[in-house]
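Report on the structure given below.
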Amino acid sequence: MEKSLTRYIWTHTRNQQLFILLIVALSMIPYFLAFDLPKQIVNGPIQGDGFEGANATQLFMHLTLSIPYYGTVTLFPGIELNRMATLMGLSLTFLALVIVNGLFKYYINTYKGRLGERLLRRIRFQLIDRVLRFPPTHFKRVKGAEISSMIKDEVEPLGGFTGDAFVQPALLGGQALSALFFILVQNFWLGMIAAFMAAIQVGIIPKMRRRLIELGRQRQLTARELAGRIGEMVDGIGTIHAYDTSNFERADAGQRLGQIFKIRYDLYQWKFLVKFINNFLAQLTPFFFYAVGGYLTLRGSLDVGQLVAVINAYKELPGPLKELIDWDQARQDVQVKYEQVFEQFDSPSMIDPKIQDLAPAAAAAITGPIVISALSLDDDSGTRLLDQATLTINPGETVAIVGSAGAEALADALGRTLWPSSGKISIGDTDFHDLPESVTGRRISYVSADSYFFHASLKDNLLYGLKHAPLKPRQYEGAELEHRKWEIREAKLAENPDMDLNGDWIDYQSSPAGSEDPEHFLKSMLAVLDTVQLSSDVLEFALRSSIDPLTDLHLAARIVELRRALRSELERENLSGLIVPFEPDSYNTEATVGENILFGTMRDAQTGSSKIIESKYFLSLMRGTGLSHTLFDMGYTIAEIFSDLPPDHPLYQQLTFMTAEDIPNYQQMLQRLQGKKYDDASEADRRAMIRLSFFYVEPRQRFGLLTPEVMKRIVEVRHMFHEKLPEDLRDVIEPYDPDQYAASTSLLDNILFGKVSHRYTDASRRITRIVADAMRKQGVYERVLAVGLDFNLGAGGKRLGPLQRQKLNLARALMRRSDYYVLNRPLPGLDHRLQQEIVDNVIAFLRRDGANPAVLWVLSNPSLSKMFDRVIVINHGTIVADGSYETLMQENGTFKEMIAA
């Protein structure tokens, strides 16, 4: 990147700048001509110069051209017009020049805008490219929020200035000089006054604005620091809540905002002082024009038309001058911003761009050993982590690395996230850090304890390590094809790479499947999930998800079939009472009263039920059948039961429709309703009491309020409700149908098609197990798991638990076939048994189908090292032992102490 913004702009937009400067030069012709027309109109047809006779005429648009050594050439002989016709002709010419000048401005401004946005795109891409090429240690010194703030906000003014960098001074300077030259032609002294005042404005105002630039720089720095601090708050919100430091963070934020306020207040004060002086100087010149110009007119040295033309021309002078001064301030301001960005994005140890060159072709396998020679590693503070390490990692061997920080540092170095302080890592005759990432990033898979996942689906994150280059272009048609062509052209002009994000980036050949057959590829993903024991979690994600039956008819039909298979499975295990199914003619005792009446799922879970319950149709049905009286009495009884309970009573834990905070409101309501029936209560009190009854479940609350007669009546009202349901409400609710898939609810609810009984302990876990077994027997287990792969992980993968994150982090590496797997404490949070199972699974998975990659595993639990061919022991930054587990247990005391610990 160039250090000077002006040079940077000229380097990358030279041809476009020259073109628009030519347009600006052409625009000065009609701009200058427009100055002279008011004088011609006033002196000619209005005052009568040249029209002394009653029928006098003049030539209109008589155009001639004087050529040296040749004479005068008539371009257009002109048209004979009388006084009125000349007035109209000159006025229309003035209007035409206004339109032409406006069109020139429109074209110039549009071109400048496109030019600026194109260069802004280039700058942003270049900064993002440099972020991707920062050395690993650089990210320990900068905050992600500050980097993103600079790329998003701080370079925004650079794009706006790009179009103005050369065009604006040329355009504004040309307009100012045209107006000044015209005034000089009309009267020398008035021209000198205008020139003198313009020189004062141009000389004083920019100097005064230097203080504004400094204040603007301070404001930018403090705003960037605030963005970084807010980013820290968001990332550390759990710690803030855990340690009750929210008020400390508020104090810190308040102080930073106060500092920004002070800077901005000073900026506003100085800004408007400069504006006052600038406006005063701009208005001082007309005073001289009226005084001196009027004096000269009275003396006869200046005619009225000339004075009007001079004043009209001067009206065009302050605008360009002011904008020219603003341009100079903007130039200095964006130069400061550019220098700040340049400093932040400039690193002497930037990764060479060739290391990250696009390489669609498959990388050659690493068949030789990794040789580590006298390797020393330091952290960003200069602390020595590993000292003079020398060893060789051979292809195909499994190596356990145990020890302190030096073990993790060695793995970081092999993962290229920590660069050597001295020494060397090499593969064959090539230095490890000279190899392109298309080799090390594909043939070596690195996993650390720190996991990060993108705001995308679980599948996208699982396959992230296979997206190296667009391998299969997308076929575009129609409007999409035209847009794609436009994007290619604009990307080329902005010097962005032409890589289609919508193409297929997944390197299927490098996956365990080895092919892009959808069924085979899905099985390989599920095998990886089984290896890290994440399948049960993905199944839960799937069962909580929903599908669109219109786009996945086959799975929807299989889910309906699975309902019947599940009933048979439950009967076989004598657990038929575990689920109370939805039956049109029966009351579901495990469902709420409201669910039994509506007997369906809401297409909009947020507002669907309230829309139905508050509808005139539903209210009239409830009143007409008398069910509203019954539910009112039921709600009244529930309110009475809870009105006398203390706020900490455990019964509140069973409720979803009433909390201890609601009790005072219901107590007041009971006082109002004492001795009253349904007909005597207010509409608000009626609805409140009926609302209580709607959430009542007899087996859960056990108040004995649902008699067989009441349940039978509710089923009758249910049928009446659905028989005459208006069209506007049919789109709100999806009735329960044993032969149809319900699109508005989850897969699990569709499979169960009922409510889990509260009579069974640990019912949810048992149901999940039985459902999984039934899916396997019906052959839909893998298809349902595929639905779970579409589960969105949220920002940074925060919808996953810590153990799920660790498992998925490891699974992402196993989805690639590599020659070396470097696993740096990938499972620190798992217990010993689970770690052992997953370590055993991973090694077995990597060894299947004849594959024999090398595995280097920095173990959190040293006792697991017996599962590896070779053990490397690092203590206090030094390799103290290297051999088999059995040998080290016999000969190395440090290793035995680690095992014992």
Side-chain angles (χ1 to χ4, degrees), residues 6 9-10 13-42 61-68 73 75-76 89-116 161-188 190-199 201-202 282 285 289 305-306 308-328 330-331:
T6 306
I9 293 172
W10 181 255
T13 62
R14 182 187 299 108
N15 294 335
Q16 294 93 329
Q17 297 285 1
L18 290 173
F19 171 75
I20 197 64
L21 285 174
L22 175 62
I23 300 298
V24 168
L26 292 175
S27 72
M28 291 298 105
I29 299 172
Y31 184 80
F32 183 84
L33 292 175
F35 287 145
D36 194 52
L37 272 177
K39 182 186 74 173
Q40 295 183 34
I41 293 172
V42 172
M61 295 293 290
H62 177 62
L63 301 178
T64 59
L65 178 65
S66 296
I67 301 176
V73 177
L75 299 178
F76 184 70
L90 290 174
S91 299
L92 289 172
T93 303
F94 180 80
L95 178 62
L97 288 174
V98 170
I99 294 173
V100 170
N101 284 326
L103 290 174
F104 266 113
K105 284 185 179 180
Y106 171 77
Y107 182 82
I108 291 169
N109 288 329
T110 303
Y111 194 91
K112 285 194 309 179
R114 186 171 60 174
L115 186 63
F161 180 75
T162 297
D164 294 337
F166 300 98
V167 175
Q168 198 75 345
L171 177 63
L172 297 174
Q175 290 177 346
L177 289 174
S178 297
L180 196 58
F181 177 72
F182 181 80
I183 295 171
L184 280 168
V185 169
Q186 305 308 311
N187 186 275
F188 176 78
L190 291 180
M192 291 304 295
I193 291 173
F196 178 72
M197 297 304 296
Q201 284 181 269
V202 173
T285 308
F289 277 8
Q306 286 179 311
V308 171
V310 165
I311 294 173
N312 182 67
Y314 179 74
K315 288 180 181 178
E316 302 296 325
L317 184 60
L321 277 179
K322 180 180 177 300
E323 291 183 33
L324 197 59
I325 293 170
D326 291 341
W327 171 85
D328 184 66
R331 179 188 63 80

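For the single chain, residues carry numbers from 1 onward in sequence order. Atoms considered below: every heavy atom in the structure, side chains included; atoms not considered: hydrogens, waters and symmetry mates.
- Of all heavy-atom pairs between Asn101 and Ser27, the closest is OD1-O, 4.0 Å.
- Once rounded to the nearest 0.5 Å, the distance linking OG1 of Thr13 with CG of Leu18 reads 9.0 Å.
- From Leu90, atom CG reaches atom CG of Leu95 across 12.5 Å, with rounding to the nearest 0.5 Å.
- Here the CD1-CG distance, from Ile29 to Leu97, works out to 11.5 Å after rounding to the nearest 0.5 Å.
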| message | Apply side chain to side chain contact (heavy atoms under 4.5 Å, CB included) to residues Ile23 and Tyr107 and explain how you reach the verdict. | response | CA-CA 9 Å; Ile23 300 298; Tyr107 182 82; 4.2 Å; yes

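- Rounding to the nearest 0.5 Å places CD1 of Ile20 at 8.5 Å from CG of Leu115.
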